[in-house]
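The next block holds one structure in the form of structure tokens; read it before the comments.
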Amino acid sequence: MAIAVPFPTTTPEGYARISNDPVFDPERHLALEEPAEILMLADLGYSDDEIATKATPVAASTPFRLLSDEGAEIMLDIARTLKVHAKPAGDRIENVVRGGCYQSQWLRDLCMSQEICDHLQKIYGIEVAPHAMPLHLGHMNFEPRDINTSIDKWHHDTLPLDFVMTVTDPAKVDGGRFEYFLGTKHEMAEMAARGETPPPERTVAPEFAGPGYAIALHGDMVVHRAGPLFSQCERISMVNGYVATDTARDEQSRSRDLIVVDDPEVLYTEWAKYAAWRAHGRLGTLLDELDFTSDHEAVAAELEHAILDVQRAIDEMRAQKQEISHYGG
Ligand SMILES: [Fe+2]
């Protein structure tokens, strides 16, 4: 399997291993099925020029089965165990757990599973790898204490690609539906500036048939949310991040938003390695392909392009912007 950045061999401070951690067995714990349909970015209104530089022209799939019954039971058990670490993600989500893959080997093996990666590659139509930043693996959202607020407000993700999976049984959850907007993020930004949220006739709320069902999402390009609950109940979802292995594609990340979300002990090192991997790929291409030329501006621009993500990471780490972007609602 393609690996962007290998999972760290050391564990950061404060991430003790959980005790109820079974051994991940893809044969028993996965039950991968094909999605019925795939929605494209062009269907949302994105232009060919904008789509051309992105990871994939795919926007989202319909829900497909990912976990077996046994896998879904283990996932719920691990999510409940890790819930003690839940904390807010800025003012966007009240209860998230991140970094769980440092605490559960089962969760880590699920999130880095070759079988799931292969499955997603078929859906996305490109080569992908589990996200280079382990904080983006096995992210979990839990129900808020106040049912009048969305579980996760309208937003596009801080990463390029992910799957969003039901952990609790959707049939037992009153509200809390995952929804996405049938439009572009640019259109959404204009609506948000007018104080509007997507009208119901332009949103899709996919039907998840049970726990352990997922949709593949181009998270950076598809505006989505987890709506409010109608009554207080347990509601857990898991989001696992991926990147296109082709570093020539746009980065499609908003890592600066993680400054108010993630443990600084973990974030900056993971972020630096992600940026280094991106630049490493692009510098490799430059080494292989740069031709002789007297055009110093063109060569400087090539170099600048190769290290773009590193320079951005340096600037954003130093700027320490303390907010997480979303569109409200
Ligand atoms: Fe999201």
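Just the heavy atoms: all of them, side chains too, but no hydrogens, waters or symmetry mates, feed the values below. Both counts, for ligands and for their atoms, begin at 1 and track the order of listing. On a predicted model such as this, the values are computed, not experimentally measured, just so you know.
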So, do H131 and Y274 have ring centers that fall under 6.0 Å from each other? yes
Is the closest basic N to carboxylate O distance between K321 and D257 below 4.0 Å? yes
Sorted by chain and number, protein N/O/S atoms nearer to the Fe ion (ligand 1) than 2.8 Å are H155 NE2, D157 OD1, H224 NE2
Should N240 and M165 count as side-chain neighbours, where that means a heavy-atom distance under 4.5 Å? no
For residues H326 and R225, determine if any side-chain heavy atom of one lies less than 4.5 Å from a side-chain heavy atom of the other. no
Report, one line per pair, each donor and acceptor closer than 3.5 Å where one atom sits in a side chain of residues 203-210; sequence neighbours left out.
from	atom 1	to	atom 2	distance (Å)
T203	OG1	P200	O	3.0
E207	OE2	R177	NH2	3.3

Check: S237/R235 side-chain N/O donor and acceptor closer than 3.5 Å: yes
